[in-house]
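Here's the structure we're looking at; comments come further down.
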Number of protein chains: 2
Amino acid sequence: MNLVRQKKDHPLAGVKEIARRANVSRGTVDRVIHNRPGVSEETKRHINAIIEELDYQPNVLARRLALASRGTVRLGVLLPSVSEETEYWKAPLEGIDKAETEIKPYGVELKHYFFDQNVQATFARQVAQIMVDQPDGVLITPTFEEESIQLLGFCREKQIPAVLMNSDIPGQQRLCYIGPELFDSGYLAAQLTDYCLKPGQKVMVVNIAREIENNVAILGKVEGFLAYFREKRSEEPLVHFHTTDTDYVSVSAGLSALLAREKEIGIIFVTNSRVVLVAEWLEKTGRKDIVLIGYDFLSSNIDYLKKGYIDFLICEKPQEQGYRGVMTLFRHLVMSVPAIEDYLIPIDIVTSANYRFYRN
Amino acid sequence: MNLVRQKKDHPLAGVKEIARRANVSRGTVDRVIHNRPGVSEETKRHINAIIEELDYQPNVLARRLALASRGTVRLGVLLPSVSEETEYWKAPLEGIDKAETEIKPYGVELKHYFFDQNVQATFARQVAQIMVDQPDGVLITPTFEEESIQLLGFCREKQIPAVLMNSDIPGQQRLCYIGPELFDSGYLAAQLTDYCLKPGQKVMVVNIAREIENNVAILGKVEGFLAYFREKRSEEPLVHFHTTDTDYVSVSAGLSALLAREKEIGIIFVTNSRVVLVAEWLEKTGRKDIVLIGYDFLSSNIDYLKKGYIDFLICEKPQEQGYRGVMTLFRHLVMSVPAIEDYLIPIDIVTSANYRFYRN
DNA sequence: CTGAAAGCGCTTACAG
DNA sequence: CTGAAAGCGCTTACAG
């Protein structure tokens with residue numbers, strides 16, 4: 001196939017053309033473009049005028065390619081390890097890996113610091129390790145607040161840009177946050193709940209996590225969820241169920257006891273991906289009448305979505321969060337592109353009718 | 001800030017390294033990589049072995065940059081013109097423009113062929129013009145089936161790759177389709193409807209379009225919507241309302257008449273972005289009790305979402321559709337990257353609680 | 001069948 | 001303060 005119609009006759013103006021017109025070298029033009037010192041005011045003005053006139057747009061690809069010759073940039077990534085119990089974290093990791101492959105050719109090295117979500121000490125240990133390694137930039141999942149703040153302080157002192165992912169810590173200085181607005185995520189869940197609520201029915205709010213009181217993500221969602229009902233309804237039709245035992249046996253026992261008492265429950269909202277445990281219980285007890293709302297695009301959750309035990313999954317593109325987190329650091333450090341301070345991830349609603357088209 | 005820790009010591013293996021190991025020139029390696037003729041079987045095998053061994057990953061940026069020296073590639077884009085009435089098409093156009101800016105530096109020229117959605121003749125005229133211009137690739141919104149098939153036939157004959165966008169035409173040969181699965185889109189709307197339906201209520205299905213019987217998009221969604229109720233309910237609680245008058249006066253008159261008769265209607269489903277007209281009517285008649293479901297992330301629709309007259313908007317990332325359509329052609333023609341035959345766009349649910357985070 | 005050279009657009013030492 | 005040269009990793013004529 002002959003794609004070549006003609007040689008490019010109107011190449012977009014580049015550094016070369018600007019240099020030609022300004023009667024200077026390309027190096028000088030480059031200095032002006034990047035506001036680097038060592039150019040006389042006069043030449044600078046002249047060159048800037050030409051840049052304006054030509055509406056010069058730098059070729060991003062060429063820039064990146066040129067930068068490939070620079071030295072190594074080391075990035076650190078702090079995130080929960082993937083276990084059977086916390087399959088969720090596979091997705092951000094995939095996004096991180098994807099970004100790594102993409103930017104490896106440009107001299108970026110990435111080191112993972114994994115911790116066990118259930119053991120605060122493992123988090124602390126990895127934070128300490130990061131302080132020893134002193135990478136050039138870090139991507140942090142701030143599961144435990146205290147140590148996270150400590151790490152952020154260290155970063156500020158050492159001028160290491162830090163990106164927060166998945167949940168934010170208010171009032172802390174960081175390059176940016178990438179993740180959902182947790183309050184709105186819970187608020188949305190409440191809105192869906194309200195649409196599905198039939199007259200006289202009650203709603204059960206379920207937290208299943210080893211750590212609840214310190215879990216920023218869960219607390220934020222619950223807050224949003226409750227705010228909705230406070231706003232829209234005079235009496236809150238809510239029943240609460242918390243458990244720090246995350247195994248099926250404990251959860252099912254708790255559910256059985258509660259639902260025996262509370263007969264009017266028509267909807268169950270689970271504040272994280274452990275919704276699968278409730279779905280399992282619904283299946284075993286044969287209750288298809290209850291609407292179940294939960295979190296995250298995990299294969300086990302999708303299975304129950306298909307079977308009809310889970311009705312809505314709220315998903316926040318975990319893979320994209322990881323990908324974008326790494327890329328933000330890369331662009332900031334290597335390309336000097338400013339970061340968006342709060343990059344709020346879409347809050348998506350997934351049902352059995354649209355899950356096949358969802359993209360993490 | 002000192003980013004440069006060390007000069008790259010482990011550069012990823014590239015063409016140069018492969019050439020060195022194979023004792024050939026970089027040109028020969030390039031020929032093997034791209035399966036171009038003119039290399040002896042033996043060297044080919046040898047080079048391929050080394051490629052395997054090093055797990056060589058080509059540097060996409062460098063490749064694109066090198067290709068910038070090639071001649072011009074001309075792309076044609078056939079899509080509805082943006083008018084006040086059809087603001088929807090602004091979004092795909094934005095995506096197309098974004099792609100154009102991105103690939104312009106690589107010798108791509110893009111020509112728009114706009115037509116009036118309401119006038120089939122304008123579509124036919126632009127199809128004829130494309131046949132005269134014979135671009136190297138086309139992106140088509142196949143609003144009118146007959147002329148679209150004609151154009152696709154022409155493309156096949158002339159070996160011009162064609163990408164379909166927004167709606168598909170079954171059984172036609174094309175490079176790929178980029179858009180939603182329309183049936184599932186309607187099915188999802190029905191599912192939401194069903195969740196919101198209170199006992200005894202009926203649902204009104206509304207089509208507002210100059211052309212309904214020939215409108216592939218509307219027909220597909222309606223089919224999915226009806227299929228759901230046929231599947232899940234013994235009696236269909238549906239009332240239909242079609243109008244080819246798309247002004248507010250006609251629509252409101254029709255609605256008023258119908259709702260005076262049908263008192264049990266609790267939910268209205270509008271099959272396209274004209275849902276705004278129904279929202280306006282609900283506002284003017286002060287009916288906040290009816291749940292309204294419609295399509296597309298338009299500013300006027302979002303206004304009514306905020307005010308509470310529209311409850312759900314189904315959105316299918318129109319901007320991404322345009323962007324991806326152009327990029328698919330680009331990658332196919334310039335980078336020889338194979339296209340995905342059916343790129344099905346996510347079907348998103350937008351409410352007043354998550355619209356602020358939505359990304360087209 | 002194969003290689004040497006030039007080029008894509010930008011950046012970076014280095015020399016002056 | 002400024003320029004000439006080399007380089008990023010890949011591709012492309014052209015010459016043999």
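We use all heavy atoms of the structure for the numbers below, so side chains are in, but hydrogens, waters and symmetry mates are not. Because the structure is predicted, anything quoted here is derived from the model rather than measured. Residue numbering restarts at 1 for every chain, and letters A, B, ... go by the order of the sequence lines.
- For D:dA13, there is no paired base (Watson-Crick or G-U wobble, both distances below 3.5 Å).
- Computed from coordinates, the A:Lys44 NZ to D:dT2 P distance equals 11 Å when rounded to whole Å.
- Here the C1' atom of nucleotide D:dG9 and the CD atom of B:Glu17 are 13 Å apart, to the nearest Å.
- Between C:dG3, D:dC10, C:dT11, one nucleotide has an atom nearer to the side chain of A:Arg63 than all others, and that is C:dT11.
- A residue-by-residue look at B:Gly38 and A:Ala62 shows that B:Gly38 has its nearest nucleotide of DNA chain C further toward the 5' end.
- A side-chain donor-acceptor contact under 3.5 Å links B:Tyr88 and B:Asn166.
- To the nearest angstrom, P of C:dC1 lies 12 Å from CD of B:Glu42.
- A:Arg45 and A:Glu42 are not joined by a salt bridge, as no carboxylate oxygen comes within less than 4.0 angstrom of a charged side-chain nitrogen.
- Close to D:dT2, at under 4.0 Å from its OP1 or OP2, lies a side-chain N or O of A:Ser40.
- One finds a side-chain N or O of B:Thr43 lying less than 4.0 angstrom from the OP1 or OP2 phosphate oxygen of C:dT2.
- Across C:dA13, C:dC8, D:dT11, the shortest atom-to-atom separation from the side chain of B:Arg26 is found for D:dT11.
- The phosphate of C:dT12 (OP1 or OP2) has a side-chain N or O of A:Arg36 nearer than 4.0 angstrom.
- Using a 4.0 Å cut-off, no side-chain N or O of A:Thr28 falls inside it from OP1 or OP2 of D:dT2.
- Rounding to whole angstrom units, CG of residue A:Leu65 and P of D:dC8 are separated by 9 Å.
- Between A:Phe297 and A:Tyr358, the distance from one ring center to the other falls under 6.0 angstrom.
- Side chain of B:Thr28 to backbone of B:Val24: no donor-acceptor contact under 3.5 angstrom is found.
- Residue A:Asp30 is in base contact, counting any heavy-atom pair closer than 4.0 Å across all strands shown.
- Residues A:Ile96 and A:Leu79 are in side-chain contact: their nearest non-hydrogen atoms beyond the backbone lie under 4.5 Å apart.
- Closest contact between the side chain of B:His34 and the listed nucleotides D:dG3, D:dC10, D:dT11 involves D:dT11.
- Between the CD1 atom of A:Ile51 and the C1' atom of C:dG9 there is a distance of 14 Å, given to the nearest Å.
- Nucleotide C:dA4 holds its C1' atom 15 Å from the NZ atom of B:Lys16, rounded to whole Å.
- As a whole-Å value, the separation of A:Gln57 CD from C:dC10 P is 11 Å.
- No contact: A:Pro37 has no heavy atom under 4.0 Å from any strand.
- For the pair B:Ile33 CD1 and D:dC10 C1', the computed distance is 9 Å after rounding to whole Å.
- A donor-acceptor pair is defined here as one N or O able to donate and one able to accept, closer than 3.5 Å; such a pair exists between the side chain of A:Gln126 and the backbone of A:Phe114.
- D:dA4 makes up no base pair with any nucleotide shown, lacking Watson-Crick or G-U wobble contacts both under 3.5 Å.
- Listed pair A:Tyr106 / C:dT11 fails the phosphate criterion, with no side-chain N or O lying under 4.0 Å from OP1 or OP2.
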